[in-house]
Amino acid sequence: NMTVLDVANVLKKDVEHVFKTLEFADKNSDTVYTRDTVIHNPQIVREIVKISGCRFKLVPRPDEVVEEKENKDAVPAPPAPPEALRPRPPVVCVMGHVDHGKTTLLDALRNTSVVDQEFGGITQHIGAFEVRLRSGETVTFLDTPGHAAFSAMRARGAGATDVVVLVVAADDGVMEQTIESVRMAREADVPILVAINKIDKPGVDIQRTLRSLAQHGVVCEALGGDVQAVQVSALKKLHLDTLVEALTLQAQLMELKADPGGYVEGVVLEAQLDPRVGKQATVLVQRGTLRKGCILVAGNGWAKVRMLQSADGRPVLEAPPSSPVSVLGWRELPAAGDTVLEVDSEKRANEVMKWRHSQSMKEKQEEDSEAISEATHRAQYREALAHKRALGRMRLRPDGPRQKLIKEDTHPTLRVIVKGDVDGSVEAILDILETYDEHDRVRLDLVHYGVGHVTPNDLEIAQAFNAVVYAFNVECPPTLSVEAKKNNIPIKLHNVIYRLVDDVKEEISARIPKRQ
Ligand code: GDP
């Protein structure tokens, strides 16, 4: 149930346009429409959509254009000058086959990180923790093992991981998810450090594991390659120090650096409503130094930092690059994966929130109009099917009900379905076809379009609407061709857009009524 104004908003047209279309769409009623009139009949909404053209060329209204011109979003600062860069600890993600000991390893490492008993040593799960060596160096571990966490962070472009620790159980060797992890690390261009686990088990064959890793392109130092491998037992807590040291060495080799000054940048690792402390989010700092009082924006959330806490529950005063901290003080919670940016003032944060809100509303509207467009097609299709069935019952007068149902039938019409290989080609073809839309003698009616091969569904629609199927750079499965021929549905395959368009023109010409 939408009001006239809602319909206008969804269609991105002005209210006048909707009033005008209502003259056609609801010509049989006496309703006096105002902008707040609720349109109860979905059929009328569909008619409006149809008359407005189903493609929703998104012509922004004047007030939206103004908004777009003034981009109020927060953006990352330009790259820091080299002299401002300081070494930073590595951020590590643990991956490997199931049951090879990822969780046990993280637990063991997390427990070694609890040095300060004063705070009860209760580790909180905040999505990451730091392990500090006696030398003072630290390594940050992302707390959720496995593919999902790694890809989630990557998918959002966060690129938070510097090194992948590939856990391989020595008794089991290289398995499916080991190989998968190697592939993912490679794709993300993240170096691997191998942790050969479960060396406490009797009779494990470490050489065999090293050799099969080499077969998958991970050649460890022992075999002359450049990948570090450390033998550990997560269960017995053996050689965990060596593992962490190897990671700091890896960080040095990679010359991991960041500017600890300037505006804070980071990524949200986790965000939740904690029953004790309220809105809490873990931020992995990637640049700058996060302190109490900082104003942050992240996704649709923002905070004035009230308190920072490390994973072992200690309140901390500041969080330099590569450190994960639990942040309190959010007015609105962000989501995991959101980029965190520091801004100058609360006023600025509010401005950014408002801008982002308006942007997401716009996206939602676009989704809505797409949904309506699809629904319209489906409704037309159902209508046509019903019509077809009606025809089946009244064989003697096939033209009678048809004309009632599809009014345009009084006007010669070419109905087309357009399929193409990619969005871009379909759009291009529709753009060209649209210029023929107002042909004076023959109407061109686009009944359906989409990306991909010709499908049985396309044929059904084509048959129901008496439409010609135009397929650009896609195929029609042979069984469908046969089916189409049987039912007299023309399918036209093209690889050159202008040929396709010429073909449409010919079909249009063929439908121009002959002068008597
Ligand atoms: P994940 O699926 O990779 O997270 O594996 P888990 O950490 O859950 O470990 C799977 C099983 O292997 C558990 O029963 C662990 O106790 C066991 N395990 C993990 N590490 C070791 C180890 O170093 N030695 C031995 N003997 N068992 C281990």
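Numbering of ligands and ligand atoms starts at 1, following listing order.
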| message | Can you name the atoms of ligand 1, numbered from 1 with element, that are less than 4.0 Å from a heavy atom of L235? | response | 16 (O), 20 (N), 21 (C), 22 (C), 23 (O), 24 (N), 25 (C), 26 (N), 27 (N), 28 (C)
| message | Below 3.5 Å, N or O to N or O, backbone or side chain included: is there any such pair between V232 and ligand 1? | response | no
| Distance-only donor-acceptor check, side chains N457 and T455, under 3.5 Å | no
| request: Please confirm whether the backbone N or O of R331 pairs with a side-chain atom of K279, one donor and one acceptor, at under 3.5 Å? | output: yes
| message | Quick check on contacts: which atoms of ligand 1 are under 4.0 angstrom from a heavy atom of H97? | response | 3 (O)
| With atoms numbered from 1 as shown, which atoms in ligand 1 lie under 4.0 angstrom from a non-hydrogen atom of K201? | 26 (N)
| query | So between K237, K198, M95, K102, whose heavy atom ends up nearest atom 28 (C) of ligand 1? | reply | K198
| message | My understanding is that we take every heavy atom of each candidate and find the minimum distance to atom 19 (C) of ligand 1. Doing that for T104, V94, L238, which one comes out nearest? | response | T104
| query | If you measure from each non-hydrogen atom of K236 to ligand 1, which part falls under 4.0 Å: side chain, backbone, both or neither? | reply | neither
| field | Residue pair T104 / D107, side-chain donor-acceptor N/O under 3.5 Å | value | no
| remark: ligand 1 atoms nearer than 4.0 angstrom to some heavy atom of V98 are 2 (O)
| Distance-only, no hydrogens or angles: does the T289 side chain make a donor-acceptor pair with backbone N or O of P260 under 3.5 Å? | yes
| request: Could you tell me whether H100 approaches ligand 1 through its side chain, its backbone, both or neither, with non-hydrogen atoms closer than 4.0 Å? | output: backbone
| query | Considering residues at least two apart in sequence or located in another chain, which fulfil the side-chain hydrogen bond (donor to acceptor under 3.5 Å, both in side chains) criterion with N350? | reply | none
| query | Salt bridge check: are E180 and R183 linked by an N-O gap of less than 4.0 Å? | reply | yes
| query | Do any nitrogen or oxygen atoms of G101 come within less than 3.5 Å of a nitrogen or oxygen of ligand 1? | reply | yes
| request: Taking R287 for its side chain and A258 for its backbone only, find out whether a donor-acceptor pair lies under 3.5 Å. | output: no
| query | With backbone taken as N, CA, C and O and side chain as the heavy atoms from C-beta onward, which portion of D200 lies under 4.0 Å from ligand 1: side chain, backbone, both, or neither? | reply | side chain
| field | Carboxylate-amine/guanidinium contact D172 K198, below 4.0 Å | value | no
| With a 4.0 Å heavy-atom cut-off (strictly under), which part of D99 contacts ligand 1: side chain, backbone, both or neither? | both
